[in-house]
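Take a look at the structure set out below.
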Amino acid sequence: MPALSATLTSAFFDRDPRKVARALLGKLLVRKDGRSRLAGRIVETEAYLGADDAAAHSAAGKTARNSVLFGPPGIAYVYFIYGNHYCLNVSCLPDGVAGGVLFRALEPVAGVEQMAEARGIEIHGLEDLKNASLLRQISSGPGRMSEALGVTRERDNGKNLTSPRSDLRIVDDGFRVRKIAVTPRIGITKAAADPLRFVVAGNPFVSGRRPIG
DNA sequence: TTATAGATTGCCT
DNA sequence: GGCAATCTATAAT
C-alpha cells in the first residue's frame, strides 16, 4: 500500500448518501483477517436515502434490524437477504438522520486467492490469476463480495468502519476513477426509477452482464 | 399463527 | 430466461 493511504473518517460519511456513494468509487475496502489482508477496489455502490426513499430499509422507521442506519455515520449495516446472502452498507448523515450506501461490487486487489477460496472458486497459479471471467466471480455483486470478505451480520453489523483499529475499513490510496456512470438501482421494486446507482464506467468487475459506460 | 415479499445468487432448461 | 434455496421482517388472519 502506498505511503499516502488514509482510512476514511466519520466526516467523510456525514453527508448525503448520494455524495458518499459517488465518492466511495475507487476507494479500497480492506479486511484484516488474522495475518492476511484482503482488499478490493470499490467499483459499484447504491445510495439509500432516509425517510423519502421507499426502497430504503429505513423508510418505515427505526427497528432493531435497521437501527444502524439511524445512528452516527461510518458504521457497518449488514443484513441477511433471501435466506442466503449478506449485504454490506455504511451509514451516512449525522446521528438521528437515516441514510446509507450499499456496497455492490469490488475489483479484487489483495488476498485474491483467499477471497476466491471463500467463494468456493478454485484458483491455480498465474494462469487463473489472469483469468478475467474467473476473477469476476469473486466479488461482482453484493452477496458475492460479502462472502469473499467474510462479512456477516454477527461479525460486522454495528462495526465502526472509521476506527484505525477496525478489521474492516475503507482506505483512500490516492487512486482516482476516470469516469462515473449513474443508473437506476438493481433488484428493487419501489422507487425503481431513481438514478442512485454509481459505477466506475467500463470497469469489468461491476455486477450484471456487461460493463456500464 | 400463517403468509408473503425481499437492496441475490447459482443452477436448470 | 426461469426458478429454487432459505432466513427475516412485516402484513394479514
Side-chain angles (χ1 to χ4, degrees), chain A residues 13 16-22 24-25 29 40 42-71 75-93 98-108 115-123 131 133-158 161 168 170 181-200 204-212:
Chain A
F13 301 100
D16 189 297
R18 282 166 287 210
K19 293 243 197 265
V20 176
R22 181 181 285 270
L24 279 173
L25 296 180
L29 182 58
I42 300 165
V43 298
E44 178 178 350
T45 58
E46 282 178 2
Y48 284 86
L49 319 180
D52 297 327
D53 184 357
H57 284 183
S58 50
K62 187 173 177 177
T63 66
R65 176 209 196 195
N66 66 21
S67 64
V68 168
L69 292 173
F70 292 80
I75 309 298
Y77 168 51
V78 182
Y79 63 89
F80 195 54
I81 190 68
Y82 296 123
N84 288 289
H85 310 287
Y86 292 99
C87 292
L88 173 66
N89 302 247
V90 58
S91 62
C92 299
L93 297 167
V101 170
L102 168 70
F103 296 89
R104 287 193 55 91
L106 303 176
E107 176 174 345
M115 285 193 273
E117 187 182 357
R119 291 269 302 118
I121 298 168
E122 305 232 356
I123 295 233
N131 184 333
S133 67
L134 204 58
L135 295 178
R136 217 183 154 278
Q137 296 175 43
I138 295 176
S139 51
S140 61
R144 289 172 168 183
M145 52 157 278
S146 294
E147 187 172 32
L149 294 178
V151 170
T152 66
R153 186 173 60 190
E154 296 71 21
R155 183 179 181 184
D156 298 305
N157 190 52
L161 301 182
L168 193 62
I170 302 159
V182 186
T183 80
R185 293 174 293 188
I186 304 291
I188 56 171
T189 51
K190 301 165 192 162
D194 299 0
L196 294 172
R197 172 173 175 250
F198 300 85
V199 306
V200 175
F205 293 92
V206 165
S207 73
R209 287 204 138 274
R210 350 170 132 254
I212 313 282

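Here is how names work: the chains are called A, B, and so on, in the same order as the sequence lines, proteins then strands, and each is numbered from 1.
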Secondary-structure string, 5' to 3', Watson-Crick or G-U under 3.5 Å, | for another-strand partners, for DNA chain C: |||||.||||||.
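Qualifying side-chain hydrogen bond (donor to acceptor under 3.5 Å, both in side chains) partners for A:Y86, counting only residues two or more places apart in sequence or in other chains: A:E154. Every side-chain hydrogen bond (donor to acceptor under 3.5 Å, both in side chains) that A:R119 has, sequence neighbours left out, goes to A:E147. By the ring pair (Phe, Tyr, Trp, His ring centres under 6.0 Å) test, A:F13 pairs with no residue at all, sequence neighbours left out. Among residues two or more places apart in sequence or in another chain, the side-chain hydrogen bond (donor to acceptor under 3.5 Å, both in side chains) test is passed with A:S58 by none. Applying the side-chain hydrogen bond (donor to acceptor under 3.5 Å, both in side chains) test to A:T189 and every residue at least two apart in sequence or in another chain returns nothing. Partners of A:F70 under the ring pair (Phe, Tyr, Trp, His ring centres under 6.0 Å) rule, at least two apart in sequence or in another chain, do not exist in this structure. Not counting sequence neighbours, A:E117 has no partner by the side chain to side chain contact (heavy atoms under 4.5 Å, CB included) test. In this view, A:A47 and A:P17, A:R18, A:A21, A:L49, A:L196, A:F198 satisfy the side chain to side chain contact (heavy atoms under 4.5 Å, CB included) rule, not counting sequence neighbours.
Residues of residues 42-56 of chain A having a heavy atom closer than 4.0 Å to DNA chain C: none are found.
Panel note: side chain A:N66, backbone A:G61; a donor-acceptor pair is recorded below 3.5 Å. Between the side chain of A:R136 and the main chain of A:P204, a donor-acceptor pair closer than 3.5 Å is present. A distance-only check finds a donor-acceptor pair linking the side chain of A:S139 to the backbone of A:L106 [under 3.5 Å]. Looking only at distances, no side-chain donor or acceptor of A:N89 sits under 3.5 Å from a matching main-chain atom of A:G100.
Screening A:M115, A:R144, A:Q137 for a side chain to side chain contact (heavy atoms under 4.5 Å, CB included) involving A:I121 leaves a single residue, A:Q137.
When the P atom is used for both B:dT4 and C:dA4, the distance is 15 Å, rounded to whole Å.
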Determine, for nucleotides 3-13 of chain C in 5'-to-3' order, which nucleotides have protein heavy atoms under 4.0 Å from the base (write B), from only the sugar-phosphate (write S), or from neither (write -). --BBBSSS---
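Bounding nucleotides for the chain A contact on DNA chain B, 5' to 3', at a heavy-atom distance below 4.0 Å, are B:dG6 to B:dG10.
With the nearest nucleotide of DNA chain B identified for both A:Q137 and A:I188, A:I188 has the one nearer the 5' end.
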